[in-house]
Amino acid sequence: MATIKQVALAAGVSFTTVSHVLNNTRPVSDEARRAVLAAVEQLHYVPSALARSLRCRSTGTIGLIIPNNTNPYFSEVARGIEDSCYAAGYSVILCNSDDDPVKQREYLNVLLTKRCDGLILSALADSDGELLRKMKVPAVLLDRAPSDLSIDAVAVDNRAGGVLAARHLLDLGRRRLACIAGPREVSISNERIDGARSAMADAGVALADALCLYSDFTSAGGYAAALDLLALPKGQRPDALFCCNDLMAFGALRAAAERGVAVPGDLAVVGFDDIDLASFVHPALSSVAQNTRELGHITAACLLARIAEPGLPRQQRSIAPVLHVRGSSAAAPGRSSFLPPTELMGMTP
């Protein structure tokens, strides 16, 4: 790799002149500028990003840590973040933590070492929050944000989303509602289940412990949990299912198909996230939408504002979910739905 001194030698100028040409830090004659640029092209010289960052105190990079890059939800959010950051002149460094706190801490240290101008984190331990405060790095928490950390946060109103899902199923005349939740320790899943329980309680319907199973946000996990629910005796088997993300709902649709359970006739299914694939499974999945790309844009905008004005008051954005009703949910046999099957429902907790 060529060095700045080699560029200077090829151009017949001093290396300080090369620096002034590349960084526009001092007027340089047209002849010298042409010679430097020709040498740069000939030698394929690439300026040192680290040296530039030390001079400018900016690397032009944003660090993004997500828990699972194979989950389309996070991929779609990341795309929204990348689009907004690119338009603002920033590159995004993407790290996948696999929901492993140790791996996340290691990636956090790597991004801090690389002097990223800002960070977007989808989950954060209290100790990591303290580290960010000490390092004084602009940061935004996305999706899973501890309320006691004084860091900017953007999240969907998960409880309201759970309310939407359960109300829809109840309005269809369903009464034996079951839920497939994410891991017990993940707050967003608990919030979604709490919302569903609240809507059911308001309708005089209880969520039995046997009908609320915990899984891992994967299609395989949703498939296994749904098989357990569909193995219950016919009188105890659910007639409606709320899954706390779309991937688990896809697994549940597979389980229903294998067990000969008709969807939506025998079992109405609602997911959460409304990823692009939700419209292309069969039947198309009804899902609580987070508008993933827009969520990414909002998160990036929040971080870019923090970078531009570090003294801004803490920002906390709560995004209202909506329910997109599709073919996986319909009125129970012998009952009429209170809502048109194509209606788009806003947040009405």
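Since the model is a prediction, treat every value here as computed from it, not as a measurement.
For the pair Arg174 and Pro264, the tightest heavy-atom approach, listed with the atom from each and the gap, is NH2-O, 2.5 Å. Considering every non-hydrogen atom in both Ile120 and Thr299, the closest pair reads CG2-CG2, 3.7 Å.
The CG atom of Asn158 sits 8.5 Å away from atom SG of Cys244, with the distance rounded to the nearest 0.5 Å. Taken to the nearest 0.5 Å, the CD1 atom of Ile66 stands 10.0 Å off from the OH atom of Tyr73. The CG atom of Asn109 sits 13.0 Å away from atom NZ of Lys114, with the distance rounded to the nearest 0.5 Å. Note that OH of Tyr214 and CD of Glu185 are 10.5 Å apart. Values are rounded to the nearest 0.5 Å. Separation of atoms CD1 (Ile193) and CD1 (Ile180) is listed at 9.5 Å; rounding is to 0.5 Å.
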Table please: side-chain donor-acceptor pairs of residues 30-41 below 3.5 Å, with sequence neighbours left out.
none

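For the pair Lys234 and Asp266, the salt-bridge criterion is not met [side-chain N within less than 4.0 Å of a carboxylate O].
A donor-acceptor pair under 3.5 Å is absent between the side-chain atoms of Ser189 and the main chain of Ala181, judged by distance alone. At distances below 3.5 Å, at least one donor-acceptor pair connects side-chain atoms of Asn190 with backbone N or O atoms of Arg184. Counting only distance, with no hydrogens or angles, the side chain of Arg314 and the backbone of Ile151 share a donor-acceptor pair below 3.5 Å. Although no hydrogens or angles enter the test, the distance criterion places a donor-acceptor pair under 3.5 Å between the side chain of Ser219 and the main chain of Leu247. Judged by distance alone, the side chain of Glu76 and the main-chain N or O of Asp276 form a donor-acceptor pair under 3.5 Å. Checked by atom type and distance alone, the side chain of Asp216 pairs as donor or acceptor with a backbone atom of Thr218 at under 3.5 Å. No donor-acceptor pair closer than 3.5 Å links the side chain of Asn291 to the backbone N or O of Ala289. Looking only at distances, no side-chain donor or acceptor of Asp157 sits under 3.5 Å from a matching main-chain atom of Ile319.
Here the side chains of Arg293 and Val77 are not in contact, with every heavy-atom distance at 4.5 Å or above.
Side-chain contact annotation: His168 with Ser329, donor-acceptor N/O pair under 3.5 Å present.
Sorted by first and then second residue, the pairs that involve residues 297-308 and meet salt bridge (charged side-chain N to carboxylate O under 4.0 Å, His left out), not counting sequence neighbours, are Asp152-Arg306.
Linking Ile, Leu, Val, Met, Phe, Trp and Tyr whenever their side-chain heavy atoms come within less than 4.5 Å puts Val263 and Leu232 in one cluster.
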